[in-house]
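Working notes, beginning with the structure itself.
In what follows, chains carry the letters A, B, and so on, assigned in the order in which the sequence lines appear, proteins first and then strands, with residues in each chain numbered from 1. These numbers come from the heavy atoms of this one structure, side chains and all, not from hydrogens, waters or symmetry mates. In this text, all values refer to a predicted model and were calculated from it rather than measured experimentally.
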There are 2 protein chains.
Amino acid sequence: MEPHEPDLTAVPVTAVLAALADDVRLQIVRALAEGGEAACGSFDFGVSKATRSHHLKVLREAGLTRTRAAGTSRLVRLRRDEVDKLYPGLLDAVLTSRPQA
Amino acid sequence: MEPHEPDLTAVPVTAVLAALADDVRLQIVRALAEGGEAACGSFDFGVSKATRSHHLKVLREAGLTRTRAAGTSRLVRLRRDEVDKLYPGLLDAVLTSRPQA
DNA sequence: GAGCTTGTTCGAGAATTGTCGAACAACGGT
DNA sequence: ACCGTTGTTCGACAATTCTCGAACAAGCTC
C-alpha cells in the first residue's frame, strides 16, 4: 500500500487550495514549515487521531507533503521546494499571514 | 442592502483559499484578471444564473472582488492590489497555473 | 405602465467534507 | 509472546457546499 503521493503537476490547483483551506491543515503546514520533518503524533490541534490522520491524507494527496515510515511512527515533511517551484509565492503568502486571519 | 465587501484583513485566510478552491470561481477570477471589470452576466461557465450569483457572492465576501451597480447590470472587478499586498504571490501563483491543473 | 433584461434570494435536493469512536495493523520493548 | 504505542481504516453522523428552478426586485425602453 503506497502512501499515494502524486506528482504535484498532476493535482488540480483547486485541490491544492482546498487542502490549504482548513484551519487544522493550515496549522499542520505551519508547524511543518517551521519545524521541518515531524511525526504525525506531534500535531495536536484538538482533533482526534482519526481526524488528524484524515487531514494528513488530504495534504499528502494534494501533493503538499511526503510521509515515510520510521519505526512505529510516520514522519511527515512539507514538499516545500516542489510547491514553491510550481506555485511561487503560494506557501509564503499563506504561511506569513498572521495565524489568526 | 449593502454588497458586504469586507476588509480583506478581516477575512480568515482559509476563507480566501476556500473561495479560490472551486473551478467555477477560479474561472471567474481568471476572467477578471485578464479582462478587468465585467458584468456578472458575462461569465458563462455552464452553471445557472442562481449558481453564478452564489459564486460571485462567495468571492465578494472573501474580499476578492468588488461589485458596483451600473444600470440593470452589476460590474465586478478583482481587488488585485489589495490581495497582492496582503498575500503577495497568491494570485500570481494561482492564475499562472495552467487552467487544466 | 407593460414588458424585457439582469441579478438576487429562497427553498430544496445532492454531494462533499469534517468529525468521532471502534476496530484493525505494524512495530518495538520487556 | 504479550503488551503498549502509533497510525490507518471503517462506518456513521453532522455540517457545509454546490446546484437548480421559481419567485422576486430593480432598472431600462417603448
Can you name the residues that form a side chain to side chain donor-acceptor pair (under 3.5 Å) with B/D7, not counting sequence neighbours? B/T9
Side chain to side chain donor-acceptor pair (under 3.5 Å) partners for B/S48, two or more places apart: B/T51
Gap between atoms CZ and P, on B/R60 and C/dG7 respectively (whole Å): 13 Å
Between the protein and nucleotides 16-21 of chain D, which nitrogen or oxygen pairs come in under 3.5 angstrom?
unit_1 : atom_1 : unit_2 : atom_2 : d
D/dC18 : OP1    : B/R25  : NH2    : 3.1
D/dC18 : OP2    : B/R25  : NH1    : 3.4
D/dC18 : OP2    : B/H54  : NE2    : 3.4
D/dT19 : OP2    : B/H55  : NE2    : 2.5
D/dC20 : OP2    : B/S48  : N      : 2.8
D/dC20 : OP2    : B/S48  : OG     : 3.3
D/dC20 : OP2    : B/T51  : OG1    : 2.7

Using the side-chain contact (heavy atoms from CB on, under 4.5 Å) criterion, which residues pair with B/K57? Sequence neighbours excluded. B/R60, B/E61
Give a yes/no on whether any side-chain N or O of A/S53 is located under 4.0 angstrom from OP1 or OP2 of D/dT9. no
Starting at atom CG of A/L17, determine the distance to atom P of C/dT17, rounded to an integer number of angstrom. 14 Å
Taken to the nearest whole Å, CD/A/E61 to P/C/dG18 is 12 Å
Could you pull out the closest heavy-atom pair between B/F43 and B/A38, with the gap in Å? CZ-CB, 3.9 Å
Residue set satisfying side-chain contact (heavy atoms from CB on, under 4.5 Å) with B/V29, at least two apart, ordered chain then number -> B/L20, B/L59, B/L78, B/L91, B/L95
Heavy-atom contacts under 4.0 Å between residues 33-43 of chain A and DNA chain C, which residues? none
Could you tell me which residues satisfy side-chain contact (heavy atoms from CB on, under 4.5 Å) with A/D22, sequence neighbours excluded, listed by chain and number? A/V24, A/R25, A/H55
From NZ of A/K57 across to C1' of C/dC20 the rounded distance in Å is 16 Å
Whichever of B/G71 and A/S73 has the more 5' nearest nucleotide on DNA chain D, that residue is A/S73
Distance in angstrom units between A/L59 CG and C/dT17 P, rounded: 14 Å
Tell me every residue that passes side chain to side chain donor-acceptor pair (under 3.5 Å) with B/R52, counting only those two or more places apart in sequence or in another chain. none
Quick test of your reading of the model: are B/K49 and B/D44 salt-bridged, counting only N-O distances below 4.0 Å? no
Contact list for residues 32-43 of chain A, test salt bridge (charged side-chain N to carboxylate O under 4.0 Å, His left out), sequence neighbours left out: A/E37-A/R68
Rounding to a whole Å, what distance do you find between A/L20:CG and C/dG18:C1'? 17 Å
To the nearest angstrom, the CZ-P distance between B/R74 and D/dA25 comes to 14 Å
Can you find a side chain N or O atom of B/T72 that sits less than 4.0 Å from OP1 or OP2 on C/dC4? no
